[in-house]
Peer 1: 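One structure coming up, written as structure tokens, with questions to follow.
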Amino acid sequence: MATAPVPTITGEVVLRVGEETITVSVTVPVGPTAMIDLLPLVNAVSGVVVDRATARAVGAGKTISCCAGCGACCRQPVPLAPAEARAIAALVAALPAPEQAVVRARFAAGQAKFAAANVPVRGDRIFGSDLSEMQTRVAAYMAAYVACPFLVDEACSIHPERPTACREYLVTSPAEYCSLPTPETIDRVELPGSVSTAMATAEQDLEGVRRVLLIDSLDWVAAHPARAPVKTGPELIQHLFSTLGAA
């Protein structure tokens, strides 16, 4: 028996992000909708924000250092919103069995290395309570020198599906500083607003958790079944982009 189509509604969302106005056309379910279903929209908006910020940086005479073959930032702690953690888990589960086994082994090896170095990868305040503590924890994480499970030949093997935090992280400082970044050596491309932060804030209300580290995503998802959606598509969009100025 054919499944009845899900009723949807189409409209425009106008976002005021800093001095930028972004208008996107969206089609979402009329009924209860999960955040994971909005990830294509999230990534599209993030792309517009990043592209405009990059154009401003280049227009100011700066050069973007990030490129394929430089995987230094792929050894940083990558924070995911819970919906992104669920998307990563689904992506891994859909891989062919041999490739899936390799990726899962990388996750397990990374977690074991962090455990041996006494570096936590889960907790309500995984990045600490202030900037100083965050810098200390990030430094400890990077000192363990664990590559993202999806890093292959110093390039992202899931680039089209990469998390928003990865999409938003671009630098104009010399690439050699990226292996051990500090506020004094890293010059990030300044964004007028962070889509990844907006999603994490919205997810705090929906999931009770704001961030999940990528290296912990498979285990976290296995231990936290998805909750039933409580907001309609239009309500979820408004909730998601409220901190970016949805109109």
Side-chain angles (χ1 to χ4, degrees), residues 5-17 22 24-50 77-94 107 120-129 134 137 158 160-169 191-247:
V6 176
T8 60
I9 185 171
T10 299
E12 287 190 339
V13 174
V14 180
L15 304 172
R16 185 69 176 176
V17 186
I22 298 173
V24 291
S25 177
V26 300
T27 299
V28 296
V30 174
T33 304
M35 185 69 77
I36 193 172
D37 298 323
L38 297 188
L39 287 184
L41 168 62
V42 168
N43 290 336
V45 173
S46 177
V48 173
V49 173
V50 170
V78 178
L80 310 179
E84 292 182 299
R86 299 192 188 285
I88 288 292
L91 183 154
V92 172
F107 271 91
V121 296
R122 185 182 297 185
D124 292 337
R125 292 190 174 184
I126 191 64
F127 289 112
S129 57
M134 181 188 74
R137 293 192 179 192
I158 59 164
E161 293 84 25
R162 68 195 186 283
T164 52
C166 300
R167 297 168 189 268
E168 294 176 345
Y169 190 88
L191 304 179
S194 171
V195 176
S196 64
T197 298
M199 182 162 56
T201 300
E203 289 270 77
Q204 176 73 56
D205 296 334
L206 299 173
E207 292 264 14
V209 174
R210 191 167 186 267
R211 295 289 198 185
V212 177
L213 288 188
L214 187 147
I215 195 66
D216 184 45
S217 57
L218 302 188
D219 287 350
W220 184 86
V221 170
H224 297 81
R227 299 181 180 182
V230 296
K231 293 183 180 292
T232 66
E235 289 172 340
L236 190 56
I237 285 179
Q238 180 63 37
H239 184 60
L240 170 59
F241 290 123
S242 60
T243 58
L244 286 176

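All residue numbers refer to positions in the sequence shown, counting from 1. No hydrogens, no waters, no symmetry mates; every other heavy atom, side chains included, goes into these values.
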Peer 1: Could you tell me whether a side-chain N or O of Arg167 sits under 3.5 Å from a main-chain N or O of Arg162, the two making a donor and an acceptor?
Peer 2: yes
Peer 1: Please lay out, stage by stage, how Met199 and Glu203 fare under the test side-chain contact (heavy atoms from CB on, under 4.5 Å).
Peer 2: CA-CA 6 Å; Met199 182 162 56; Glu203 289 270 77; 4.2 Å; yes
Peer 1: Look at the side chain of Ser46 and the backbone N and O of Asn43, then say whether any donor-acceptor pair between them is shorter than 3.5 Å.
Peer 2: no
Peer 1: Going from CZ on Arg122 to CD1 on Ile215, what distance comes out if it is rounded to the nearest 0.5 angstrom?
Peer 2: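 It is 12.0 Å, given to the nearest 0.5 Å.
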Peer 1: Just jot down the side-chain contact (heavy atoms from CB on, under 4.5 Å) partners of Thr10, sequence neighbours excluded, or say none.
Peer 2: Ser25, Thr27
Peer 1: Tell me the closest heavy-atom pair linking Arg227 and Gly208, and the distance in Å.
Peer 2: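 Residues Arg227 and Gly208, closest heavy atoms: NH1-N, 4.2 Å.
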Peer 1: Evaluate Leu15 against Val48 for side-chain contact (heavy atoms from CB on, under 4.5 Å), listing each step before the verdict.
Peer 2: CA-CA 11 Å; Leu15 304 172; Val48 173; over 6 Å; no
Peer 1: Could you please spell out the steps behind the side-chain contact (heavy atoms from CB on, under 4.5 Å) verdict for Arg211 and Val78?
Peer 2: CA-CA 9 Å; Arg211 295 289 198 185; Val78 178; over 6 Å; no
Peer 1: Could you pull out all residues at least two apart from Val230 that satisfy side-chain contact (heavy atoms from CB on, under 4.5 Å)?
Peer 2: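 Scan of Val230 (side-chain contact (heavy atoms from CB on, under 4.5 Å), adjacent residues dropped) gives Leu206.
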Peer 1: Minimum heavy-atom separation for Ile237 to Leu38, with atom names?
Peer 2: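 Minimum heavy-atom contact is CG1-CD1, 4.0 Å.
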Peer 1: Sequence neighbours excluded and cut-off under 3.5 Å, please list the side-chain donor-acceptor pairs for residues 79-92, or say none.
Peer 2:
unit_1: Glu84; atom_1: OE1; unit_2: Ala81; atom_2: N; d: 3.1
unit_1: Glu84; atom_1: OE2; unit_2: Thr164; atom_2: N; d: 2.8
unit_1: Glu84; atom_1: OE2; unit_2: Thr164; atom_2: OG1; d: 3.1
unit_1: Arg86; atom_1: NE; unit_2: Glu207; atom_2: OE2; d: 3.1
unit_1: Arg86; atom_1: NH1; unit_2: His224; atom_2: O; d: 2.7
unit_1: Arg86; atom_1: NH2; unit_2: Glu207; atom_2: OE1; d: 3.1
unit_1: Arg86; atom_1: NH2; unit_2: Glu207; atom_2: OE2; d: 3.2
unit_1: Arg86; atom_1: NH2; unit_2: His224; atom_2: O; d: 3.0

Peer 1: Looking only at heavy atoms, which two atoms of Lys231 and Glu235 are closest? And how far apart?
Peer 2: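 Looking at all heavy atoms of both residues, the closest pair is CA-OE1, 3.5 Å.
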Peer 1: Apply side-chain contact (heavy atoms from CB on, under 4.5 Å) to the pair Arg210 and Thr197, showing each step before the final yes or no.
Peer 2: CA-CA 9 Å; Arg210 191 167 186 267; Thr197 298; 3.4 Å; yes
Peer 1: For Leu214 and Pro163, which heavy atoms make the closest approach, and how far apart are they?
Peer 2: CD1-CG, 4.0 Å
